[in-house]
Amino acid sequence: MVNRNLASGVLFAATIFLSAWLVFQVQPLIAKYVLPWFGGTPAVWTICLLFFQAGLFFGYAYAMLTTRHIPARWQAVLHVALLAAALGTLPITPDVDWKPTAGGDPTWRIIQLLIVSVGLPYFLLSATGPLLQAWHACVRPHVSPYPLYALSNLGSLLGLISYPFWFDPAFAADHQTRIWSWAFLVFAAGCGLCGWVVWQTSAAKHIAAGDRSHSPLATQPSWRRIALWFYLAMVPSVMLLATTNMVCTDVAVAPFLWVLPLSLYLLSFILCFHSPRWYVRGVWWIAWALVAAMAVRVLARGLGVVSSDPVVIQLLVFFALLFCCAMICHGELSRSKPDPAHLTTFYLTLAAGGAAGGVFVGLIAPRLLVINAEVSMAMVACTIAILIVLYADPAGRLRHGRPRWAWACLLLALTALTGTQVMQFQWTLADVQEVHRNFFGVLQVKLRPAALGENGLVCQLIHGRTLHGLQFVDADKHQWPTSYYGEQTAIGLLLRNSPPESPRRIGVVGLGVGTLAAYARPDDVVRFYEINPAVIDLAQRFFDYLPACPGKVEVVEGDARILLEQEPDQEFDVLVLDAFSSDSIPVHLLTQEAFAEYLRHLRPLGVLAVHISNVHLDLSPVVAGHSERFGLAMARLRSAADDATETLTADWVLLSRRSESLEIEAVQQAKLPPPDRKLYWSDQRNSVFQTLRTWR
């Protein structure tokens, strides 16, 4: 009998651990898989995390309803039947038919894809922790289920951390989905065995979930208390998504930058619910004040076109802000846990609050807020949470608004924080002609004085904090190529010095403000590919490069990679790769498969021009790797900034099958040596982490 109990305990423990590992392994796995299909923007991860938070809520709700209203043996029958149905959806590899065929907001398409690909397996995995802990209580009523809860937390954390550091580098994307699917099959078998154990136990002892009673003296939580739980769960969820979105927008959309903040969020939950000694109010509230002050400073210094803080400082500050916020909110939730009779309501409320945070950042904020203010709003909300706890705590020194002088100081601090953020965003919107926010980010059209005062004004397009192009307002300078495309840049040298005998076909991936149209000759065709419809609209309404182009301009809306795969050979003389979402890069445009597609559309003497200017990432090894793989001649150039022409420091790499296409005297004179190393990216294997300029 002892051996049987021990075996059932090991079975339950292993199944719960594996389910937790699978829950948090699949999140970055499936998000990275579909990321290239939807433009490679930070919003893809935001929508995926929204889906997973909602799935967790519905999984908890299913577990609560079944354990309350269905006898344990029939819970097992129902769950095993659903697991069998979930096996029919494997493998979880998304169907390529889900790739979008047009531009626009893909939010609902991403959600539908996730429902079809991983919806049922993820739903059942989310329910496993609370459901199997309830089953374990039926089978082994005298053994505490809390070690299983700790084991579940360990599995969750290991599932997250192992993905970017082991699972992702070790296996190609298709292999990852298949391995995960086989692991889910093992989990389903283990869960089925747990159900069989419950069936046998219930049949012998007539145990039903509804028969287990709790203390009759347990007080029903008030709606005010439930609302506080919901708020304390929602605030760190908003902070998690907001900080991740900000970091990915300014650095890169990569699993490592998804997993790190999510791991901190999960770690705070584990620590706070493991032992009260991890959350000491005074310590964490002081830490919050210090980190919030640093975050205000970093946000203020980053409101211009380029943040003046190194990437490491930004990461440390924003992730410390997230961790402090999560520790405070989860610590207060742990302190306010109800009687065990109401724990299901408690955890369901927490899941609902987390899902609400995802809905706010993923769906509501992009449609209601014209600027990215979610981090600032979460800072204010966390500070308000501290004040609510102080006011409501019956044992606290500051309960019920007393003493008034202390509360006056606290409210003054809250007002100062809120006012500072409002003033910062008002400064951001100064001289802004129009702001547009959608799935792909925040766009601003802004007027400012030229670097040299006698040149008048310039109109610029800013995406996030990255300049995407500008144009002189003065008529005599209106058609000067500017920013990263001036005449002394690699692309300027190439287009100005190409043979004039025949008309050219020029392809451009990424529209910006259409600056490259300034290089067109009367018989040239310039074909732009742009995924963001708002960029097309603003480029046509506020900038004149497109309408004033002497050649023919074609603007095609949609993801360039997908469009080029669908189009016949375009026979471009020059194909320019210049697609960025703020300072982050769409990795799917820099893989071996993408470059093969670019070369298909180039004439034999054609040139592929790759713009690699980036504050945080050094992309030259990636381009050098493709140059070696495809046997291409390569010229790497960096041009200096020039205030007179409003051109910026620009890094370009020119590639061609024929070296004579790059034998332009000015290009050869400015040519830099190749990078010291090469990286070989493919759709299946790539890592932005390899290109990070760590100490910039």
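Any value given below was found using the heavy atoms of this structure, including those in side chains, with hydrogens, waters and symmetry copies removed.
- A heavy-atom distance below 4.5 Å is found between the side chains of L228 and I388.
- Aromatic pair W74/W199: centroids less than 6.0 angstrom apart.
- Formation of a donor-acceptor pair under 3.5 Å by the T66 side chain with backbone atoms of Q75 is not found in this model.
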Checklist line | Working for side-chain hydrogen bond (donor to acceptor under 3.5 Å, both in side chains), residues Q176 and D168 | finding: CA-CA 8 Å; Q176 291 176 26; D168 187 34; 3.0 Å; yes
Margin query: Test side-chain contact (heavy atoms from CB on, under 4.5 Å) on W278 and C272; report intermediate values, then the result.
Written below: CA-CA 6 Å; W278 291 107; C272 291; 5.7 Å; no
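- Side chains of M377 and V238 form no contact here, defined as non-hydrogen atoms less than 4.5 Å apart.
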Notebook entry, point to check: Does the pair S275 and R277 meet the rule for a side-chain hydrogen bond (donor to acceptor under 3.5 Å, both in side chains), with working shown?
Noted result: CA-CA 5 Å; S275 171; R277 72 174 182 271; 3.2 Å; yes
Margin query: Would Q27 and W258 count as a side-chain contact (heavy atoms from CB on, under 4.5 Å) here? Give the steps.
Written below: CA-CA 9 Å; Q27 296 183 21; W258 300 338; over 6 Å; no
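- Here the side chain of N686 pairs a donor or acceptor atom with the backbone of S682 at under 3.5 angstrom.
- In summary, the aromatic rings of Y62 and F58 are positioned with their centroids too far apart to meet the 6.0 Å limit.
- Counting non-hydrogen atoms of other residues, nucleotides and ligands closer than 6.0 Å to CH2 of W98 gives a total above 12.
- A salt bridge does not link E332 to R225: none of the charged side-chain nitrogens sits closer than 4.0 Å to a carboxylate oxygen.
- The two residues A365 and R437 make their nearest non-hydrogen contact at O-NH1, 3.6 Å.
- In terms of modelled atom types and a separation under 3.5 Å, the side chain of R685 and the main chain of A170 share a donor-acceptor contact.
- Checked options V26, T89, L90; the residue passing with F184 is L90 (criterion: side-chain contact (heavy atoms from CB on, under 4.5 Å)).
- Note: T243 OG1 to L322 CG = 4.5 Å, rounded to the nearest 0.5 Å.
- Using a 4.5 Å heavy-atom threshold, the side chains of S152 and F17 count as separate.
- Distance check, rounded to the nearest 0.5 Å: CG of L262 to CG of L257 gives 12.5 Å.
- Looking only at distances, no side-chain donor or acceptor of R335 sits under 3.5 Å from a matching main-chain atom of G331.
- Ring to ring, F269 and Y265 are not that close: their centroids are 6.0 angstrom or more apart.
- Residues F24 and L157 fail the side-chain proximity criterion, which asks for heavy atoms closer than 4.5 Å.
- For the atom pair CG (L22) and CG (L18), the distance works out to 4.5 Å, reported to the nearest 0.5 Å.
- Listed here is the closest heavy atom pair of V375 and M246: CG2-CE, 4.0 Å.
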Note to self: W180 vs F187, test: ring-ring contact (aromatic ring centres under 6.0 Å, His included). Steps then yes/no.
What the structure shows: CA-CA 10 Å; W180 191 94; F187 154 76; 9.0 Å; no
Checklist line | T93 vs T177, side-chain hydrogen bond (donor to acceptor under 3.5 Å, both in side chains): CA-CA, chis, key distance, verdict | finding: CA-CA 6 Å; T93 308; T177 58; 2.6 Å; yes
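- At a threshold of 4.5 Å between non-hydrogen side-chain atoms, the residues P130 and M64 do not count as touching.
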Note to self: Could you go through D105 and N438, starting from their C-alpha distance and side-chain angles, then the distance that decides it, and tell me whether this counts as side-chain contact (heavy atoms from CB on, under 4.5 Å)?
What the structure shows: CA-CA 7 Å; D105 189 336; N438 61 10; 5.7 Å; no
Next item on the list: Determine, step by step, whether F171 and F167 satisfy the ring-ring contact (aromatic ring centres under 6.0 Å, His included) criterion, reporting the C-alpha distance in whole Å, the side-chain angles of both residues, the deciding distance to 0.1 Å, and the verdict.
Entry: CA-CA 6 Å; F171 303 103; F167 201 67; 5.3 Å; yes
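- Taking SG of C329 as the reference point, atom CE of M234 lies at 11.5 Å (rounded to 0.5 Å).
- Aromatic rings of W135 and F12 (six-membered ring for Trp) have centroids beyond the 6.0 Å cut-off, not under it.
- Under the 3.5 Å distance criterion, the side-chain polar atoms of Y279 are left unmatched by any main-chain donor or acceptor of L271.
- Taking the six-membered ring for Trp, W45 and F52 have ring centres at least 6.0 Å apart.
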Next item on the list: Take R178 and I92 through the side-chain contact (heavy atoms from CB on, under 4.5 Å) test and state the conclusion after the steps.
Entry: CA-CA 7 Å; R178 286 196 289 270; I92 61 168; over 6 Å; no
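- When the shell of 6.0 Å around CH2 of W285 is examined, it contains more than 12 heavy atoms from other residues, nucleotides or ligands.
- Between T349 and W229, the closest heavy-atom pair is CG2-CB, 3.8 Å.
- Although no hydrogens or angles enter the test, the distance criterion places no donor-acceptor pair under 3.5 Å between the side chain of T128 and the main chain of I16.
- Nearest approach of G362 to I47, heavy atoms of both residues: O-CD1, 3.6 Å.
- Side-chain atoms of W37 never come within 3.5 Å of backbone atoms of P100 as a donor-acceptor pair (strictly under, hydrogens ignored).
- Heavy atoms only, all atoms of each residue included: Y163 and K32 are closest at OH-CD, 3.8 Å.
- The two atoms that bring A20 and S156 nearest to each other are CB-OG, 3.4 Å, heavy atoms only.
- Side-chain atoms of Q53 never come within 3.5 Å of backbone atoms of A356 as a donor-acceptor pair (strictly under, hydrogens ignored).
- When only modelled atom types and interatomic distance are considered, H274 and N153 share no side-chain donor-acceptor pair under 3.5 Å.
- Looking at C325 and V235, their side chains come closer than 4.5 Å, going by heavy atoms from C-beta outward.
- Of the possible polar contacts, none joining the E374 side chain to the A242 backbone as a donor-acceptor pair under 3.5 Å is found.
- Proximity of a side-chain donor or acceptor of T591 to a complementary backbone N or O of V587 within less than 3.5 Å is not detected.
- Note that NZ of K99 and CG of L113 are 11.5 Å apart. Values are rounded to the nearest 0.5 Å.
- For the atom pair S117 OG and D95 CG, the distance stands at 8.0 Å (nearest 0.5 Å).
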